[in-house]
Amino acid sequence: MRFLVLIAFLLVPTQVQANSLDLARKDGAILFMRHAIAPGGGDPDNFRLDDCSTQRNLSERGRQQARDTGAMLRKAGIIFDIVATSQWCRCRETAELMNVGEVVEWPSLNSFFGDRSKEPAQTAETLEKLNALPEGARVLLVTHQVNVTALSDVFPQSGEIIIMRRGDDGLDLAGMIAPR
């Protein structure tokens, strides 16, 4: 009996994952992904947006995580109308390695970790951009923990995807896809 309970417990995450992939496949799905694994927290004092060598970047494990996540989404038949990313190198690299569509930069997805006063304006701009898209557009946004949390109230792990849908009062949480 204990063996059957253990087997049932182990199958639940797979079922949840399958359901979330179904949700991500639907028209109108908005996927917020925290960039793949980039060791550390924040950015160095000498951070420059135009110089990846001054930033916290993906580890090799993070690069593989991004490739694996992209492969999972492609295998599930999920096609995006837009793939947008923060201008931070770790987000751009995550989006590019996923290979799920042409990557465009949305500065509103840039991290405001170092200056929380930017959060309201950036969050509002991201929502405006989403609202300007056709209703059924399927979107992947690769960004930072603070941005995902501001838009979803979820604190994601590196590489985790939060699935949202447009609702009457903004965005509604629909599901999650655990990091690969």
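All values below were derived from every heavy atom in this structure, side-chain atoms included, with hydrogens, water molecules and symmetry-related copies excluded.
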Exercise. Please determine if E60 and R63 form a salt bridge, counting it only when a charged side-chain N lies under 4.0 Å from a carboxylate O.
Key: yes
When every non-hydrogen atom of S158 is compared with those of Q65, the smallest separation belongs to O-NE2, 3.2 Å
Can you check whether M33 reaches L141 side chain to side chain, under 4.5 Å on heavy atoms?
no
Any donor-acceptor pair under 3.5 Å linking the side chain of T94 with the backbone of A36? yes
In terms of heavy-atom contacts, does NZ of K118 have more than 12 from other residues, nucleotides or ligands at under 6.0 Å?
no
Inset, instruction - Classify the side-chain pair R61/Q64 by whether it contains a donor and acceptor separated by less than 3.5 Å. - result: no
Rounding to 0.5 Å, atoms CZ (R90) and OG (S59) come to a distance of 12.0 Å
Check: L133 and I82 side chains under 4.5 Å, non-hydrogen atoms: yes
In terms of heavy-atom contacts, P156 and Q145 come closest through CD-CG, 4.0 Å
Rounded to the nearest 0.5 angstrom, the CD-CG distance for E160 and L31 is 11.5 Å
Note to self: Would the distance check show the side chain of S20 and the main-chain N or O of I177 forming a donor-acceptor pair, the cut-off being under 3.5 Å?
What the structure shows: no
Exercise. Go through the steps for L151 and I162 under the test side chain to side chain contact (heavy atoms under 4.5 Å, CB included), then give the verdict.
Key: CA-CA 10 Å; L151 290 154; I162 309 304; over 6 Å; no
Do I78 and L140 touch side chain to side chain, with heavy atoms closer than 4.5 Å?
no
The reported gap from CD1 in I79 to CZ in R25 (rounded to nearest 0.5 angstrom) is 10.5 Å
Besides I37, the hydrophobic cluster formed by Ile, Leu, Val, Met, Phe, Trp and Tyr side chains linked at under 4.5 Å, directly or via other members, contains none
For Q55 and D43, test the side chains for any donor-to-acceptor distance below 3.5 angstrom and give the result as yes or no. no
(message) Go through it in stages, so that I can follow the logic: the residues are N46 and D51, the test is side chain to side chain contact (heavy atoms under 4.5 Å, CB included), and I'd like the CA-CA distance, side-chain angles, deciding distance and then a yes or no.
(response) CA-CA 10 Å; N46 65 337; D51 184 353; over 6 Å; no
Q) Does the side chain of T69 reach to within under 4.5 Å of the side chain of M72, using non-hydrogen atoms? A) yes
Exercise. Answer yes or no: is there a donor N or O on one side and an acceptor on the other, between the side chain of T149 and the main chain of V154, under 3.5 Å?
Key: yes
query: Is there a side-chain contact between R34 and F155, using heavy atoms and a 4.5 Å cut-off?
result: yes
- Query: Any side-chain heavy atom of N110 sitting closer than 4.5 Å to one from L49?
  - Reply: yes
The reported gap from OG in S86 to CG in N147 (rounded to nearest 0.5 angstrom) is 7.0 Å
If we only count heavy atoms from C-beta on, is the D27 to R138 side-chain gap below 4.5 Å? yes
| task | Check whether the ring centres of H35 and W88 lie less than 6.0 Å apart, and answer yes or no. | result | no
Please tell me whether M176 and V139 are part of a single hydrophobic cluster in this structure, the criterion being side-chain heavy atoms less than 4.5 Å apart.
yes
Side chain to side chain contact (heavy atoms under 4.5 Å, CB included) test vs W106 passes for just one of L130, T143, T85, namely L130
Where the side chain of R56 meets the backbone of A38, is there a donor-acceptor pair that is under 3.5 Å apart?
-> yes
CG of D68 to CG of L97, rounded to nearest 0.5 Å, is 10.5 Å
Heavy-atom nearest pair, A174 first then L23, reads O-CD1, 3.1 Å
- prompt: Is any side-chain heavy atom of L73 closer than 4.5 Å to a side-chain heavy atom of L21?
  reply: yes
- May I ask you to decide if C52's main-chain N or O and N57's side chain share a donor-acceptor pair within less than 3.5 Å? yes
Using a 4.5 Å side-chain heavy-atom cut-off and chaining through intermediate ILVMFWY residues, the residues clustered with F112 come out as F113, V146
* Cationic N near anionic O, under 4.0 Å, E105 to R92 -> yes
Distance col, row L127:CG vs I30:CD1, nearest 0.5 angstrom, shows 8.5 Å
Heavy-atom nearest pair, R165 first then A29, reads NH1-N, 3.3 Å
